[in-house]
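Predicted model only: the values in this text are computed from it and were never measured.
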Amino acid sequence: MDIQTYISSGKLELFVLGDLNETEQQEVLSMAKKYPEIQEELKAIEAAMFAFDQASGKKPSDAVKSKIFASLDAAADETADEVPPSGQAKPVEKEVKLYPGINPWKPFAVAASLAAVLAIGVAGYFAYRYFDVEERYAIALQQNAILAEDVQSNQVKLNELDKSMEKLLAGNFERIPMKGEGLPMQEDALVDVFWDRESREVLLSVNQLADLDENSDYQLWAIGADGPVGIGLVNAADKLNLQSMQEAGEAQAFAITIEPKGGSESPTLEKLVVLGEIS
């Protein structure tokens with residue numbers, strides 16, 4: 001028989017805890033008498049139980065300890081008497097119940113198990129809280145990074161606007177409001193053109209222009225005595241800046257049309273969006 005397998009089966013621990021029936025207890029006693037390794041293991045388990053008991057702060061009564069040690073001594077005596085001296089009859093084996101059905105160590109073992117389960121539960125809870133906080137911290141960092149990028153982008157736009165406003169205030173610009181009112185394309189369209197006749201500079205501010213498909217562009221036209229001249233493409237999405245356009249030496253009006261991507265040599269009049277006449 002493989003003694004180590006029997007020792008590792010857990011039956012000896014159950015025997016010490018009093019969780020075996022009478023037949024199983026007798027089996028363990030018989031094995032202990034037959035194999036010294038099992039007897040030593042029982043003593044080791046008993047010693048471990050005492051050590052745990054002392055660590056828990058509670059001590060078994062003297063009567064209980066006396067009963068346990070007496071049982072162990074009885075089992076050891078039976079093992080020694082298994083081979084009788086020559087010429088003597090073998091004594092009749094007596095049934096020795098090493099541990100009572102209700103073992104004094106069982107409550108401590110149950111308490112230890114409950115403490116272990118509680119510790120695992122607490123550890124799991126704090127682990128969950130730790131990873132939850134770590135995840136929220138990572139999200140906050142990501143949001144802060146996005147916010148920082150937005151702030152930086154807006155700062156760049158504000159700096160550009162400041163430069164444009166400085167240019168606007170330093171020059172002699174005339175404001176020409178352009179509207180889509182009365183035109184079929186975009187009646188709610190609003191754009192302002194600022195034109196300096198002396199320097200010929202043209203600045204444009206988008207207030208309202210609809211988005212276009214990827215194959216189309218808005219184009220600004222300066223309309224003079226020689227007809228319309230294209231002076232630049234308009235960025236409809238840039239509403240926080242004065243867009244610099246090409247110079248216009250002479251103009252009686254300004255207009256914006258929708259043209260194929262990149263602009264056209266001449267305006268598509270049926271796609272006229274806004275028009276502003278110079279007074």
Side-chain angles (χ1 to χ4, degrees), residues 139 141-279:
I139 293 174
L141 287 179
Q142 184 178 8
Q143 292 175 341
N144 286 341
I146 294 173
L147 181 60
E149 290 179 1
D150 291 341
V151 170
Q152 184 176 4
S153 176
N154 289 333
Q155 185 62 47
V156 171
K157 290 182 179 180
L158 286 173
N159 292 338
E160 293 176 352
L161 181 59
D162 286 342
K163 293 179 181 179
S164 299
M165 291 301 297
E166 289 176 3
K167 182 186 294 186
L168 184 63
L169 294 174
N172 187 22
F173 286 90
E174 178 182 353
R175 174 176 174 267
I176 300 98
M178 299 196 296
K179 300 180 180 181
E181 184 178 349
L183 300 176
M185 293 300 299
Q186 299 177 34
E187 294 188 358
D188 60 343
L190 291 173
V191 178
D192 289 329
V193 167
F194 299 91
W195 179 42
D196 188 330
R197 295 174 184 263
E198 295 179 2
S199 66
R200 299 185 177 185
E201 287 185 271
V202 178
L203 302 176
L204 182 141
S205 173
V206 175
N207 300 316
Q208 177 62 43
L209 280 177
D211 294 333
L212 297 178
D213 60 67
E214 58 182 9
N215 297 318
S216 302
D217 275 325
Y218 288 109
Q219 188 170 1
L220 177 64
W221 304 89
I223 304 174
D226 297 330
V229 177
I231 57 173
L233 301 179
V234 178
N235 184 357
D238 190 0
K239 298 180 180 180
L240 193 62
N241 193 19
L242 290 173
Q243 303 179 41
S244 296
M245 312 304 290
Q246 298 173 20
E247 294 182 355
E250 180 185 354
Q252 299 174 354
F254 289 94
I256 292 178
T257 60
I258 299 175
E259 304 295 337
K261 193 71 175 179
S264 303
E265 293 293 332
S266 58
T268 305
L269 297 179
E270 60 270 20
K271 291 187 178 182
L272 180 63
V273 180
V274 289
L275 177 66
E277 297 182 357
I278 300 174
S279 58

Using the rule given for side chain to side chain contact (heavy atoms under 4.5 Å, CB included), can you reason through L190 versus K179, listing the C-alpha separation, both sets of side-chain angles and the distance that settles it, and then say yes or no? CA-CA 5 Å; L190 291 173; K179 300 180 180 181; 3.7 Å; yes
Please assess Q143 against L147 for the test side chain to side chain contact (heavy atoms under 4.5 Å, CB included), listing each intermediate value before the final yes or no. CA-CA 6 Å; Q143 292 175 341; L147 181 60; over 6 Å; no
Would S205 and V191 count as a side chain to side chain contact (heavy atoms under 4.5 Å, CB included) here? Give the steps. CA-CA 6 Å; S205 173; V191 178; over 6 Å; no
Evaluate the criterion side chain to side chain contact (heavy atoms under 4.5 Å, CB included) for residue pair Q186 and V273; output intermediate values, then yes/no. CA-CA 6 Å; Q186 299 177 34; V273 180; 3.9 Å; yes
Given side-chain hydrogen bond (donor to acceptor under 3.5 Å, both in side chains), test T268 with E259 step by step and report yes or no. CA-CA 7 Å; T268 305; E259 304 295 337; 2.7 Å; yes
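Atoms CZ and CG, from F254 and L220 in turn, are 6.5 Å apart once rounded to the nearest 0.5 Å. In this structure, CG on N172 lies 9.5 Å from CZ on R197, to the nearest 0.5 angstrom. Atom CG of residue D226 and atom CD of residue E250 lie 6.5 Å apart, to the nearest 0.5 angstrom. Annotation: the span from I176 atom CD1 to L275 atom CG amounts to 11.5 Å, rounded to 0.5 Å. With rounding to the nearest 0.5 angstrom, the CG atom of D213 is 8.5 Å from the NZ atom of K261. The OG1 atom of T257 sits 7.0 Å away from the CG atom of L272 when rounded to the nearest 0.5 Å.
The shortest heavy-atom contact between N207 and D192 is ND2-OD2, 3.3 Å. I278 and A251 make their closest contact through CD1-O, 3.3 Å (heavy atoms, listed as atom of the first residue, atom of the second, distance). A pairwise comparison of heavy atoms in L209 and A189 identifies CD2-CB, 4.0 Å as the closest pair.
Not a single donor-acceptor pair under 3.5 Å links the side chain of Q219 to the backbone N or O of I258. Between the D196 side chain and the E201 main chain, no donor and acceptor come within less than 3.5 Å of each other. Between the side chain of Y218 and the backbone N or O of A210, at least one donor-acceptor pair lies under 3.5 Å. The backbone N or O of A248 sits less than 3.5 Å from a side-chain atom of W195, completing a donor-acceptor pair.
Considering only heavy atoms from C-beta on, M245 comes within 4.5 Å of V234 through its side chain. The side-chain heavy atoms of L203 and S244, taken from C-beta on, include a pair separated by under 4.5 Å. Proximity of F194 to L204: side-chain heavy atoms (C-beta onward) are nowhere separated by under 4.5 Å. Taking the side chain as every heavy atom from C-beta outward, Q243 and V206 approach each other to under 4.5 Å. Side-chain contact between I256 and M178: present, with at least one pair of heavy atoms (C-beta onward) separated by less than 4.5 Å.
The environment of E174 atom CD is dense: over 12 non-hydrogen atoms of other residues, nucleotides or ligands sit within 6.0 angstrom. A 6.0 Å sphere centred on CG of N144 holds more than 12 heavy atoms belonging to other residues, nucleotides or ligands. When the shell of 6.0 Å around CD of Q208 is examined, it contains more than 12 heavy atoms from other residues, nucleotides or ligands.
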